[in-house]
Amino acid sequence: MALCLKQVFNKDKTFRPRKKFEPGTQRFELYKKAQASLKSGLDLKTVVQLPPGESINDWIAVHVVDFFNRINLIYGTMSEYCTEKSCPIMSGGLKYEYRWQDDSKYKKPTKLSAPQYMCMLMDWIEMLINNEDIFPTRIGVPFPKQFQQVCTKILTRLFRVFVHVYIHHFDSIINMGAEAHVNTCYKHFYYFIREFSLVDHRELEPLVRMPQ
Amino acid sequence: QGSVDCPNLEFEYGDADGHGAELAELYSYTEEPELSTNRRCFEEDFHAQVQGRRWLELDRTQQKAYVMRLLDGLEVVNRDKRLKVARAILYLAQGVFGDCDNEGDVLHWSRHNSFLLYQLGTFTAFLELLNMEIDNSQACSSALRKPAISLADSTELRVLLSVMYLMVENIRVEQEADPPEWKTCRETFRMELSFPVHTEEPFALLLFTMVTKFCSGHAPHFPMKKVLLLLWKVLLFTLGGFEALQAMKVRKREELGLPPLPEDSIQVMRSMRAASPPTYSIELMDQQQQKRGHRSRRPLMKQDSLDIYNERDPFKNDEAGVDEEENDDVDSGIEGELDLMERDTIIPAMPAQRPPIERVSFPKGLPWAPKVRQKDIEHFLEASRNKFIGFTLGQDTETLIGLPRPIHESVKTLKQHKYVSISDIQIKNEEELERCPMSLGEEDVQETPCEILYRAMLYNLPQYMIALLKILLAAAPTSKAKTDSINILADVLPEEMPITVLQSMKLGIDVNRHKEIIVKSISALLLLLLKHFKLNHIYQFEYVSQHLVFANCIPLILKFFNQNILSYITAKNSISVLDYPHCTVCELPELTAESLEAGDNNQFCWRNLFSCINLLRILNKLTKWKHSRTMMLVVFKSAPILKRALKVKQAMMQLYVLKLLKIQTKYLGRQWRKSNMKTMSAIYQKVRHRMNDDWAYGNDIDARPWDFQAEECTLRANIEAFNSRRYDKPQDSEFAPVDNCLQSVLGQRLELPEDFHYSYELWLEREVFSQPIRWEELLHYQ
């Protein structure tokens, strides 16, 4: 509880639970839609486990890039509905708000609109991924020591995309009939980050009622 | 920007338009008065010879006799008299329309007379006349001196070419009711055009020469539209159309022992439906509905839609289970929306045909089986070996030791979809022939019409390509006439320029139509050449492609598409009452400005849509698998131009646009992909997948530019090696055979000095017997 309050009042954190919150009628609808998934015959829980002989950094790296690409496309499918007007701040429901911070223009956590946040986020991830020092592509070049921390940060922020999409734009996803796809991608993502404990459980709070 | 809502276009692609349409396009509207002139020339002579009867009433022998007389009349020295006779013959080929009641009759007699004329040797006679006209330097120089060339300057040529065109086009098209002697006629004509007896070269070459002569400025009076139409049809006739190409390809694969093609591409494309971006939501909703298994509603489109995240393994059986229970309230909401959409759509549901697959069944919903190249498997294995083992094995695709199980499975899957093309085999053969010229001996080259054509074209091929592109550029709607060095309108402009508004409008339409037909013939003949050469030998195709690329074909085609494509496709540059054969049998109504503007009732312009598809296909062929040329597409910023072309709701055209976009997506960046999800979906849905192809996610923004030159240079070297090996006379080479037959060597005359027969014994002793034979010198390299 104390931890929660600290979060609320800590302006240096980019993740702030919103001060007001509403009971979960929206959440309940979400619950029903979240049942839909692709029947792929793949058990995502086992699929994310590190295969024998595989290096863990390699495994994580490949998944980070893959999730980045897929989430980018997911956002793309409904990006026309996510505008400055519809989402003036990057939020995960009425309770959670995300602010952007990086090492260049936004040294302090700043409130950005959802499209702006997404743009910054994707550019930032892309820059990291293309950085040979962090994501080396040549065989034999080792990963940096802080690699898993970098990935944690990337995956944490990617998680926020899911939060925003699920809470604010799921109706568009439904209109496109893509909920099964998004759900499956989310499931895969969720199992992956749980398997390797890559995202802090507090960040997972906004979607904690999602059936797994 | 044209109408946003383009209806689905009912367009059937083929070798050419309908028979009547093709014949109509031979003539410009300015030429229309000449139809009566032709009739007059015929009737004057005919009524003098055969009184009181009509051509249709004569029996075959009498018709033959008359034609023979006419042909004799061609041999006069007087040019004007010759022209009159030629016009009479043209009237025959046009169907003696003066005696016909309706269009059907005209076309029937046109065909009948064409066969008759051919059987009596008319084509050969006209070929001689054509040669004479081409070499007529007087006509050339007088044309050059004129400030403004009009169609009067090409009168003779137009008559000659029209007769030849009518013969080729009428005989080329098979009809079911054809008598067997006509079938033989067709084969003979095809042979005559493909395998020249009297001349060294096939007839097509003469027409290519006309094109280059025109472009060089030496013969500005040549009627290019007719030349190009004739060239196109001659190539179509002698080489074969798309269906023939497909059959040849199937046969050739059998001969080479290759597995059959995974699908019949012509069939697949016929059954593809256009993607309509605004109704993208419909496709996915329909997909969703199908998944729920509702039978009550007739689905809008059977083709499954985007499934980027579908992790379903296509090689496992479909899930037999039922989906989890859905809340009905939710469903009805969506179905209600589905109702509204359904009413708006015009598209009827048509199940996409799934051709039977022998080897592996590919995912439902995708029209094309995935393909894998041998080198894709090699690269995949090399990367895996590098990672897991640390060293590579070159082109070995069998050794899987030391690699984890998932890699084994991947290789198995890749191999299941391996596709070896005829080109792959030809390239390998060529490598071997280059490496072992002695042991493999002379290559056994089949003398097909295509091979003969290539051999004849080889020497001047670059010039032919440059000339064709020059004309194409001049005829493109986006080009400005004044800057061109060539005047392609010489054979459509009347001698006297129009004075009334109506005349101007008519000429305007005529000029546009003229240019459209030129674009049509060039686009069709280039595509035919590329396809036939590719099948014949890949390096022949590469030779032509390289010259097209060096002549800036890629930016030319992109420039062509950088216009309002929708309005080009729906252009109405025709005056149907003036079209042949309608104008020959019906009363010409009063033309008004309104009727000219209204045009015809067609949904779209067949020839323009045909041209667009051809140009897209050519662009695809030039850029496929060529990194340097794909980068040209990126550098020329072709993506927005191509996207605009997607507005045309015709499946085949969209397919070729999507293919061009697919090869670029990995260079366009994440931002482009994110904002063009609908296009990405359409690519996924309609274009063949290449396994391990990172088209959707790859991010090679800075592709290595220094590789481009190297790629084209290597290709050029291979092409030159091929051409010189197959076609150059063997020069002073190491491999020229040495005569070591004792008889022939002894039989040669040698100049010996006078006193040799006295001193030869001494000579022998000194020069031969006492010289030691140093055998080891055979092993020394000289």
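Quantities reported herein were computed from a predicted structural model and do not represent experimental measurements. In what follows, every chain begins at residue 1, and chains take the letters A, B, ... in the order their sequences are listed.
Rounding to the nearest 0.5 angstrom, the gap separating the SG atom in Cys119(A) from the CD atom in Gln671(B) is 5.0 Å. Between the CG atom of Asn69(A) and the CG atom of Asp694(B) there is a distance of 7.5 Å, given to the nearest 0.5 Å.
Screening residues 114-125 of chain A for salt bridge (charged side-chain N to carboxylate O under 4.0 Å, His left out) gives Asp123(A)-Arg670(B) as the qualifying pairs, with residues at least two apart or on separate chains.
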**Asked** When you look at Glu80(A) and Lys678(B), which way does the side-chain contact (heavy atoms from CB on, under 4.5 Å) test go after all the steps?
**Response** CA-CA 11 Å; Glu80(A) 57 186 306; Lys678(B) 288 175 183 155; 3.3 Å; yes
**Request:** Would you please test Glu54(A) and Lys387(B) for side-chain contact (heavy atoms from CB on, under 4.5 Å) and show each step?
**Result:** CA-CA 10 Å; Glu54(A) 181 69 64; Lys387(B) 176 177 175 182; 3.2 Å; yes
**Request:** Please assess Val65(A) against Tyr697(B) for the test side-chain contact (heavy atoms from CB on, under 4.5 Å), listing each intermediate value before the final yes or no.
**Result:** CA-CA 9 Å; Val65(A) 174; Tyr697(B) 292 149; over 6 Å; no
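Counted within 6.0 Å of CD on Gln395(B), heavy atoms from surrounding residues, nucleotides or ligands total 12 or fewer; the atom is thus considered open. Shown here is Arg690(B), whose CZ atom has more than 12 heavy atoms of other residues, nucleotides or ligands within 6.0 Å.
Remark: Lys153(A) pairs with no residue by the side-chain hydrogen bond (donor to acceptor under 3.5 Å, both in side chains) rule, at least two apart or across chains.
Across all their heavy atoms, Asn72(A) and Lys674(B) have their closest contact at OD1-CD, 3.2 Å.
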